[in-house]
Amino acid sequence: MEKQPISKNLASDKPKTIDKYFNAAIKMQASDLHLKGEELPRLRVKGQLRQTTGEGIPEAALQEMIFDILSPEQREFFLNHGALDFAYDFGATDRFRVNIYRQRGKIALAARRVTSIIPPFESLNLPAVVEKIAEYHQGLVLVTGVTGCGKSTTIASMLNHINQIRSCHILTVEDPIEFVYKDDKALISQREVGIDVPDFDDALRSLMREDPDVILIGEMRDFTTLRAGLKAAETGHLVFATLHSTDAYQTITRILDLTPQEERHMIRQALVGNLRAVLSQRLLPTIRSDVPRVPAVEILLVNASARKLIAEGREVDLPTVIKSSYGDGMVDFNESLRILVDTEFIDLKTAYAYTNNPDELKMVLKGIRTGSSGILG
């Protein structure tokens, strides 16, 4: 398979025509920008995709604007493959994770805005236990959720916390680099696939020779990245990674789905010994003008009970461990929704729209908790 060309582009001193759309995304505090030939640009604001005013962009003009920010190698790759990923640095504080692609034979662009300002835990409205998870010294920490749920921001905040309190070497492997860190107490090395290293496989093979203490492996996308992350955790490193799964139970099943049948027992045992925490999150629109979106979270801290369930293949029962361990910092989505309602971040309508179990949420909002053996309190 042909590798993508160098994936980092810089906004030049001379403004490009397309820059006005990136500027609009920044001004509107949008998370995403969508451009499509003959259509009005769209911005995702507070989780909702909104159409802008004005006129649609002619197909030929859109292609010219996009090609104007690509290198010759990138243009050739796109023309041959129909899709291209790259990062676009825009000013001192913003960058965009850009994908261009063909649809119905025409060019289109989707850009995710990533600010270079790494927010602290407090501003993300995450539970206090997330800071404690960041202070682990060994093991695998997974941050999971659907695309656009804030996984990258949460991990960036955790890594920057480590950067501020611990003298260590933090090594990241990213495609592309999103947040750019400045060395504080830690030494931080960020390797971008396509620029600093040809591909993930090469980066993972050289990982242990670079003397890391803390490792970020972007996304666990296949068995190779999964095995590398677990191996690093087994050898005494703290490893962060993301996964497209919605909760702790689905995270375990997703990991096993990535694993060949003959390797599953080994991977299950590796999880028992090295998985430390699973933080799953969803971004919800708020009723507050100063906070556009807020995370609802499920947090599993892998204690003795959780390890026993994973070892026995009973990960379907992990929710019962979470429900019985609220005092230890664990939380499930319905409890998180209750907290967000009580603290007036969201209204009841939003809570019910995002829950997977409305009947249980109704009980939780009344102060009734259910567990594996009935009513807990």
Side-chain angles (χ1 to χ4, degrees), residues 121 126-145 151-152 154-174 186 188-189 204 207-208 210-221 223-243 245 247-256 258-259 263-281 297-312 315 318 321-322 325 328-331:
F121 295 121
L126 290 165
V129 71
V130 175
E131 184 172 331
K132 295 180 180 178
I133 293 171
E135 294 174 4
Y136 291 161
H137 277 244
Q138 183 272 333
L140 175 64
V141 174
L142 296 174
V143 180
T144 79
K151 299 186 295 292
S152 297
T154 294
I155 288 184
S157 185
M158 297 171 84
L159 289 181
N160 208 41
H161 178 69
I162 297 170
N163 182 31
Q164 292 166 354
I165 68 168
R166 183 178 168 193
S167 297
C168 63
H169 183 199
I170 300 173
L171 177 64
T172 77
V173 181
E174 302 171 74
I188 305 179
S189 303
L204 296 174
L207 204 62
M208 292 301 101
E210 289 148 11
D211 189 33
D213 300 287
V214 179
I215 298 167
L216 166 62
I217 303 176
E219 178 190 344
M220 282 194 167
R221 58 185 69 190
F223 183 61
T224 300
T225 50
L226 168 63
R227 182 170 54 190
L230 280 169
K231 183 178 180 181
E234 285 176 335
T235 52
H237 302 83
L238 177 61
V239 181
F240 293 90
T242 68
L243 203 66
S245 53
D247 54 32
Y249 162 61
Q250 192 185 88
T251 296
I252 304 301
T253 58
R254 171 72 177 141
I255 286 171
L256 294 174
L258 291 174
T259 305
E263 305 272 8
R264 289 185 180 177
H265 177 73
M266 177 194 72
I267 292 298
R268 186 179 287 280
Q269 294 307 307
L271 288 173
V272 170
N274 297 285
L275 183 62
R276 297 295 307 277
V278 179
L279 192 164
S280 304
Q281 63 183 55
V297 298
E298 177 188 271
I299 297 177
L300 169 72
L301 305 178
V302 184
N303 57 16
S305 298
R307 285 193 290 272
K308 185 173 188 294
L309 291 178
I310 295 170
E312 295 175 354
E315 48 271 7
L318 287 173
V321 174
I322 296 171
S325 304
D328 298 328
M330 298 197 213
V331 65

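Computation of the quantities below employed the complete heavy-atom set of this structure, encompassing side-chain atoms and omitting hydrogens, waters and symmetry-equivalent molecules. From a predicted model like this one, the values you see are computed outputs, not experimental measurements.
Residues I215 and M208 are in side-chain contact: their nearest non-hydrogen atoms beyond the backbone lie under 4.5 Å apart. Between E135 and R166, every side-chain heavy-atom pair lies at or beyond the 4.5 Å cut-off. At a threshold of 4.5 Å between non-hydrogen side-chain atoms, the residues V302 and N274 do not count as touching. The closest side-chain heavy-atom distance from M220 to L140 is below 4.5 Å. Looking only at side-chain heavy atoms (C-beta outward), N163 and L159 stay at 4.5 Å or farther from each other. At a threshold of 4.5 Å between non-hydrogen side-chain atoms, the residues T225 and L204 count as touching. Residues V130 and M158 are in side-chain contact: their nearest non-hydrogen atoms beyond the backbone lie under 4.5 Å apart.
With sequence neighbours left out, the side chain to side chain donor-acceptor pair (under 3.5 Å) criterion links S189 to H169. Looking at residues two or more places apart in sequence or on another chain, you find a side chain to side chain contact (heavy atoms under 4.5 Å, CB included) between E210 and L171, R191, S206. Residues passing the side chain to side chain contact (heavy atoms under 4.5 Å, CB included) test with S325 are N303, V321, D328, M330, sequence neighbours excluded. Taking R227 as the reference, nothing meets the side chain to side chain donor-acceptor pair (under 3.5 Å) condition, with sequence neighbours excluded. A search for side chain to side chain donor-acceptor pair (under 3.5 Å) contacts involving D247 returns nothing, not counting sequence neighbours. Checked against side chain to side chain donor-acceptor pair (under 3.5 Å), E298 has no partners two or more places apart in sequence or in another chain.
Between the CG atom of L216 and the CD1 atom of I170 there is a distance of 9.5 Å, given to the nearest 0.5 Å. Considering CG of L318 and OG of S305, their distance stands at 10.0 Å, rounded to 0.5 Å. To the nearest 0.5 Å, the span separating CG on L271 from CD1 on I310 amounts to 6.5 Å. Atom-to-atom distance recorded for F223:CZ and L258:CG is 9.5 Å, nearest 0.5 angstrom.
When all heavy atoms of S280 and T144 are compared, the closest pair comes out as OG-OG1, 2.6 Å. Between A270 and E234, the shortest heavy-atom distance links the atoms CB-OE2, 3.6 Å. Between C168 and I162, the shortest heavy-atom distance links the atoms SG-CG2, 3.8 Å. Here the closest heavy-atom approach between residue L300 and residue A306 is recorded as CD1-CB, 4.2 Å. Taking all atoms of both residues into account, the shortest heavy-atom contact from Q281 to L126 is OE1-CD2, 4.0 Å. Heavy-atom minimum distance, F240 versus A134: CZ-CA, 4.4 Å.
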Dump the intermediate steps for side chain to side chain contact (heavy atoms under 4.5 Å, CB included) on L256 and E315, then the final yes or no. CA-CA 11 Å; L256 294 174; E315 48 271 7; 4.0 Å; yes

Criterion side chain to side chain contact (heavy atoms under 4.5 Å, CB included) on V141 and L238, from CA distance to verdict: CA-CA 8 Å; V141 174; L238 177 61; 4.1 Å; yes

Dump the intermediate steps for side chain to side chain contact (heavy atoms under 4.5 Å, CB included) on I133 and R276, then the final yes or no. CA-CA 8 Å; I133 293 171; R276 297 295 307 277; over 6 Å; no

Yes or no on side chain to side chain contact (heavy atoms under 4.5 Å, CB included) for I255 and L142, after CA distance, side-chain angles and deciding distance? CA-CA 11 Å; I255 286 171; L142 296 174; 3.7 Å; yes

